[in-house]
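Both counts, for ligands and for their atoms, begin at 1 and track the order of listing. What you see is a predicted model; the values in this text were computed from it and never measured.
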Amino acid sequence: MLTVFSPAKINLFLRVLGKRSDGYHEISSLFQTVDLGDTLHIQLSDQDELTCTDETIPTDASNLILKAIHLFRQKTGVESKFKVHLNKSIPIQAGLGGGSSNAASTLWALNELTKSRIPLYELQNWSAAIGSDVPFFFSHGTAYCTGRGEVIYPLSPLVPPATAWVVKPKHIALSTPEMYKSLQAHPFQEEQSGHRQDLNYLLSGILEYVNDFERPAFSAKPELMRLKASLMQGGFETVLMTGSGSAFFCLGQGQMPQIDHLSVFPVHFIHRGLSGWYQKATIG
Ligand code: C5P
């Protein structure tokens with residue numbers, strides 16, 4: 001049995017540069033792993049089986065963990081079956097990449113369990129077939145991501161904020177495909193040089209906290225705009241929605257507002273070591 005940590009991610013900035021002919025959107029984003037995460041218990045078994053502590057999460061073939069198992073078998077020719085128990089802590093439909101992280105952690109664990117010795121860059125390449133956000137988790141925890149999210153430029157660890165929080169309104173969940181669709185109501189600022197410019201800014205230490213999904217999310221769910229305003233009034237230096245929402249992250253010192261139905265998680269930025277996978281305690 002292997003127990004693996006599966007971290008959430010936040011997007012320190014996320015710009016959508018345009019719609020592509022394949023239906024995906026071209027993005028420009030800085031991804032960072034945090035120590036809010038799930039735990040996966042994976043073992044060899046005589047049949048595939050997925051169980052989860054959260055009964056609202058589908059454990060059928062639509063779950064990215066099972067997609068990762070199928071992909072691994074298909075690519076390696078390994079015939080083993082696996083039993084997986086998912087201890088869920090990352091809120092879903094939150095923009096925190098929980099499902100994508102679970103898929104990446106599963107691929108890493110299967111490689112170990114079956115002693116297949118597939119290089120991580122290969123697992124990373126394969127993983128783009130599961131979802132656009134999966135390859136990021138094979139970086140070391142900080143990366144600039146472009147394309148549909150799967151083109152990864154690994155970056156050195158950032159100077160971590162003294163305090164950081166992830167905040168999720170319990171009753172608001174947003175679907176990524178829906179949010180991408182609703183972006184089309186807003187004109188894109190087509191920027192051919194957007195990637196290079198963003199990466200250059202990052203490399204020279206300039207980081208603009210912006211998320212292009214805030215506008216459509218706020219028009220779909222005005223409560224989210226009010227939540228952001230309350231968090232900013234609390235004095236945090238930065239308050240930004242992550243991914244396609246509905247969670248926010250707050251950086252710096254501040255007072256958490258007393259609002260009902262809010263899940264609040266203190267978080268740290270984390271990184272994976274040179275070899276090995278993410279661990280809850282690996283703060284960097
Ligand atoms: O890649 P993934 O399966 O996670 O994407 C889910 C959906 O989100 C896609 O089918 C697409 O509608 C939308 N998407 C997009 N542009 C991206 C990533 C996702 O339009 N860069």
Side-chain angles (χ1 to χ4, degrees), residues 6-33 38 57-72 74-75 86 88 90-107 123-139 143-153 173-192 194-199 210-217 219-221 240-247:
S6 179
K9 59 83 177 163
I10 57 174
N11 299 89
L12 293 170
F13 78 81
L14 172 50
R15 298 204 299 139
V16 182
L17 301 178
K19 184 155 188 213
R20 314 188 327 186
S21 52
D22 63 2
Y24 283 94
H25 292 76
E26 192 71 16
I27 67 161
S28 170
S29 183
L30 177 59
F31 281 59
Q32 173 64 54
T33 41
D38 301 334
I57 292 184
T59 50
D60 62 5
S62 67
N63 191 298
L64 299 193
I65 291 175
L66 291 176
K67 288 194 178 173
I69 291 175
H70 291 138
L71 181 80
F72 187 80
Q74 182 203 330
K75 293 284 190 185
L86 167 61
K88 196 78 195 159
I90 306 174
I92 57 166
Q93 297 208 303
L96 293 165
S100 303
S101 172
N102 292 169
S105 300
T106 301
L107 287 175
L123 293 179
Q124 183 177 44
N125 287 340
W126 295 349
S127 73
I130 305 173
S132 305
D133 286 352
V134 186
F136 158 70
F137 290 95
F138 289 96
S139 74
Y144 173 67
C145 304
T146 62
R148 60 183 170 93
E150 90 290 17
V151 180
I152 313 293
Y153 295 84
L174 294 174
S175 133
T176 301
E178 287 306 314
M179 291 311 292
Y180 270 109
K181 255 188 233 155
S182 65
L183 270 177
Q184 281 148 37
H186 305 277
F188 289 110
Q189 295 170 342
E190 294 285 350
E191 292 168 76
Q192 298 306 326
H195 301 128
R196 208 168 350 113
Q197 205 178 55
D198 284 347
L199 184 56
V210 59
N211 183 337
D212 283 347
F213 283 108
E214 280 194 342
R215 194 159 63 150
S219 54
K221 303 275 179 194
L240 193 72
M241 203 170 79
T242 176
S244 54
S246 62

Mind checking whether Y180 and F213 have ring centres under 6.0 Å apart?
yes

Return the residue, atom name and 0.1 Å-rounded distance of the protein heavy atom closest to [atom].
| atom | answer |
| --- | --- |
| atom 5 (O) of ligand 1 | Y24 CE2, 4.1 Å |
| atom 20 (O) of ligand 1 | H25 ND1, 2.7 Å |
| atom 13 (C) of ligand 1 | Y180 CD1, 3.5 Å |

Can you check whether [X] reaches [Y] side chain to side chain, under 4.5 Å on heavy atoms?
| X | Y | answer |
| --- | --- | --- |
| D38 | S101 | no |
| K9 | D133 | yes |
| Q93 | L174 | no |

For the pair R15 and D212, find out whether any cationic side-chain nitrogen is under 4.0 Å from an anionic carboxylate oxygen.
no

Is there a donor-acceptor contact under 3.5 Å linking the side chains of S28 and Y144?
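Side-chain D/A pair, S28 to Y144: present.
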
Is there a nitrogen or oxygen of S132 sitting under 3.5 Å from a nitrogen or oxygen of ligand 1?
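By distance alone, the answer is yes.
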
Which ligand 1 atoms does R148 reach within 4.0 Å, using its non-hydrogen atoms?
1 (O), 17 (C), 18 (C), 21 (N)

Could you check whether any heavy atom of G23 sits closer than 4.0 Å to an atom of ligand 1, since that is the contact criterion I want to use?
yes

Which option, G131, G243, P177, owns the non-hydrogen atom nearest atom 6 (C) of ligand 1?
P177

